[in-house]
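A short write-up of the structure that comes next.
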Amino acid sequence: VRSCQTYIDDVEDAEITTIGAIGDNKIGAAVQQAWVELDVVQCGYCQSGQIMSAIGLLRENPKPTASEIDNYMYGNACRCGTYQRIRAGIQRAAEILEA
């Protein structure tokens, strides 16, 4: 869920994971590893949202196709246009999780 579009009252009793805690779970750690291996980040402006969305996608679909990645990640704007690297990072994270 995008924090910029969510009211705090709507999540009062929900468990919330922020970007600072993603390394504490298997999927988050795999995404972090993939991002570093593939040097996904360029300016970093959008990366918190990209990473959190990538984790959400991999929770729902552990082996997404390129098309499924594009559809799920749609709406996360990257000012640098690193969409191919983001897609590759998600595919690499899926490989890490599968191993």
Side-chain angles (χ1 to χ4, degrees):
V1 177
R2 293 185 180 141
S3 62
C4 62
Q5 298 176 335
T6 305
Y7 293 105
I8 195 69
D9 290 342
D10 293 340
V11 294
E12 64 186 62
D13 293 326
E15 181 178 326
I16 299 171
T17 301
T18 65
I19 191 75
I22 64 163
D24 296 343
N25 68 66
K26 185 177 179 180
I27 296 173
V31 170
Q32 282 181 321
Q33 179 181 337
W35 251 238
V36 171
E37 281 182 18
L38 300 179
D39 198 23
V40 171
V41 179
Q42 188 162 324
C43 80
Y45 181 79
C46 68
Q47 290 308 300
S48 294
Q50 299 287 1
I51 290 168
M52 296 303 286
S53 291
I55 292 167
L57 168 59
L58 292 170
R59 278 194 180 129
E60 292 178 21
N61 182 355
K63 294 175 70 173
T65 65
S67 177
E68 290 169 333
I69 292 169
D70 292 345
N71 288 335
Y72 192 93
M73 300 298 286
Y74 181 79
N76 285 315
C78 175
R79 299 187 315 180
C80 301
T82 61
Y83 298 108
Q84 294 84 1
R85 290 178 7 201
I86 292 165
R87 184 184 316 114
I90 294 169
Q91 290 170 326
R92 176 64 185 131
E95 292 169 1
I96 293 167
L97 290 166
E98 190 174 42

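Using modelled atom types, no side-chain atom of Gln33 and backbone atom of Ala93 make a donor-acceptor pair closer than 3.5 Å. Within the 3.5 Å criterion, the main-chain N or O of Thr65 finds a donor-acceptor partner in the side chain of Glu68.
For the residue pair Trp35 / Gln47, a side-chain donor-acceptor distance below 3.5 Å is found, with atom types taken as modelled.
The CD1 atom of Ile22 sits 5.0 Å away from atom CD1 of Ile51, with the distance rounded to the nearest 0.5 Å. If you take CZ on Arg87 and CG on Leu38, they are separated by 13.0 Å, rounding to the nearest 0.5 Å. Of the inter-residue distances, the one linking Gln91 atom CD with Lys63 atom NZ reads 12.5 Å to the nearest 0.5 angstrom. If you take OH on Tyr83 and SG on Cys46, they are separated by 7.0 Å, rounding to the nearest 0.5 Å. With rounding to the nearest 0.5 Å, the separation of OG1 in Thr82 from CD in Gln50 is 6.5 Å.
No single ILVMFWY cluster, assembled from side-chain heavy atoms under 4.5 Å apart, contains both Ile96 and Val31. Taking hydrophobic clusters as Ile, Leu, Val, Met, Phe, Trp and Tyr residues chained together by side-chain heavy-atom distances below 4.5 Å, Ile19 shares a cluster with Ile86.
The two residues Leu58 and Pro64 have their closest heavy-atom pair at CD2-CD, 3.9 Å. Taking every heavy atom of both residues into account, Gly23 and Ala29 meet most closely at O-CB, 4.1 Å. Taking each heavy atom of Ile27 and Asn25 in turn, the nearest pair found is N-OD1, 3.1 Å.
Salt bridge absent: Arg85 and Asp39 never bring a charged side-chain N and a carboxylate O closer than 4.0 Å.
The local environment of CD1 in Ile8 is sparse, with at most 12 non-hydrogen atoms from other residues, nucleotides or ligands closer than 6.0 Å.
Contact of the Pro62 side chain with the Leu97 side chain is not registered, since no non-hydrogen atoms from C-beta on lie closer than 4.5 Å. Residues Tyr7 and Asp10 are in side-chain contact: their nearest non-hydrogen atoms beyond the backbone lie under 4.5 Å apart. The shortest side-chain heavy-atom distance between Arg92 and Val40 does not fall under the 4.5 Å cut-off.
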